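Just so you know, these numbers use all the heavy atoms, side chains as well, and skip hydrogens, waters and symmetry mates. Since the structure is predicted, the reported quantities are computational estimates derived from the model, not experimental observations.
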Amino acid sequence: GLLTPTNLASTMGMLRMNVVGARATRGYQPAIGIYPLQSRINHSCLPSAIMTVNEKGSEISYTGGMATVRALRSIREGEELTIDYNSSFLGSQVEKRSHLQEQYLFTCECPLCLKCDSG
């Protein structure tokens, strides 16, 4: 269809919420990608999995652009798969939760954040 201000804003919002950043390997600029399946995985500050993009040792390569999701612990049948959207965020849990609200427009209600609320 035609590009309108409304669908442009909607598209930009979807991109902002679902892009995945990757750090640069030697000689390459940092990049982002959109992974439709992985973008459906919800956040938890205590994730059950981690997502990487073409990891080669301690570096990430852009060749092929494949994202991989790996379990961080045993996951029970029927349990929701979660990743940490802010795994590199350095700050308190309160600051991290605020950042999630600003960046992704939701209030994290994972067990760790609920524990911070109650105590």
Side-chain angles (χ1 to χ4, degrees):
L2 295 174
L3 188 59
T4 67
T6 301
N7 63 21
L8 177 61
S10 176
T11 300
M12 294 302 291
M14 284 187 279
L15 287 173
R16 181 173 172 250
M17 300 299 167
N18 291 297
V19 296
V20 174
R23 61 183 175 223
T25 56
R26 280 181 233 106
Y28 291 93
Q29 295 296 314
I32 58 172
I34 299 174
Y35 301 92
L37 183 61
Q38 289 85 349
S39 71
R40 298 181 56 86
I41 301 173
N42 287 324
H43 165 82
S44 175
C45 297
L46 297 170
S48 58
I50 186 170
M51 185 171 77
T52 58
V53 180
N54 283 8
E55 198 169 296
K56 288 184 178 180
S58 62
E59 296 183 334
I60 295 176
S61 164
Y62 304 112
T63 309
M66 182 176 10
T68 303
V69 177
R70 286 190 220 122
L72 293 172
R73 57 176 174 76
S74 295
I75 300 170
R76 294 181 311 277
E77 184 176 339
E79 179 183 354
E80 180 179 22
L81 190 63
T82 58
I83 58 175
D84 185 346
Y85 294 175
N86 284 330
S87 59
S88 62
F89 186 83
L90 300 175
S92 71
Q93 193 62 31
V94 171
E95 292 168 327
K96 183 176 184 177
R97 196 174 190 196
S98 177
H99 182 260
L100 284 165
Q101 178 65 46
E102 291 171 17
Q103 180 70 31
Y104 298 101
L105 307 177
F106 74 91
T107 300
C108 184
E109 295 184 353
C110 75
L112 186 57
C113 285
L114 292 178
K115 182 179 178 184
C116 288
D117 279 352
S118 65

Exercise. For atom CZ of R73, decide whether the heavy atoms of other residues, nucleotides or ligands shown that lie under 6.0 angstrom number more than 12.
Key: yes
Quiz prompt | Residues V69, Q38; criterion side-chain contact (heavy atoms from CB on, under 4.5 Å); working and verdict | solution = CA-CA 8 Å; V69 177; Q38 289 85 349; 3.6 Å; yes
Self-check item: With H99 via ring-ring contact (aromatic ring centres under 6.0 Å, His included) - residues at least two apart
Solution: F89
Practice problem: Check step by step if side-chain contact (heavy atoms from CB on, under 4.5 Å) holds for R97 and E109. | Solution: CA-CA 9 Å; R97 196 174 190 196; E109 295 184 353; 4.2 Å; yes
Show the nearest heavy-atom pair for residues [X] and [Y], with the distance to one decimal.
{"X": "L112", "Y": "Q93", "value": "CD2-OE1, 3.4 Å"}
{"X": "D84", "Y": "P47", "value": "N-CB, 3.6 Å"}
{"X": "L81", "Y": "I41", "value": "O-CG2, 3.4 Å"}

Quiz item: Hey, what's the ring geometry for Y85 with F106, parallel, tilted or perpendicular (30° and 60° as the breaks)?
Solution: perpendicular
Self-check item: Heavy-atom check, side chain of S48 versus side chain of L72, under 4.5 Å
Solution: no
Quiz item: Should T68 and R70 count as side-chain neighbours, where that means a heavy-atom distance under 4.5 Å?
Solution: yes
Quiz item: What do the steps show when you test H43 against C108 for side-chain contact (heavy atoms from CB on, under 4.5 Å), and what is the final call?
Solution: CA-CA 8 Å; H43 165 82; C108 184; 3.5 Å; yes
Quiz item: Ignoring hydrogens and geometry, is there a side-chain-to-backbone donor-acceptor pair from E95 to S92 under 3.5 Å?
Solution: yes
Exercise. Spell out, as yes or no, whether a donor-acceptor pair under 3.5 Å connects the side chain of E79 to the backbone of R76.
Key: yes
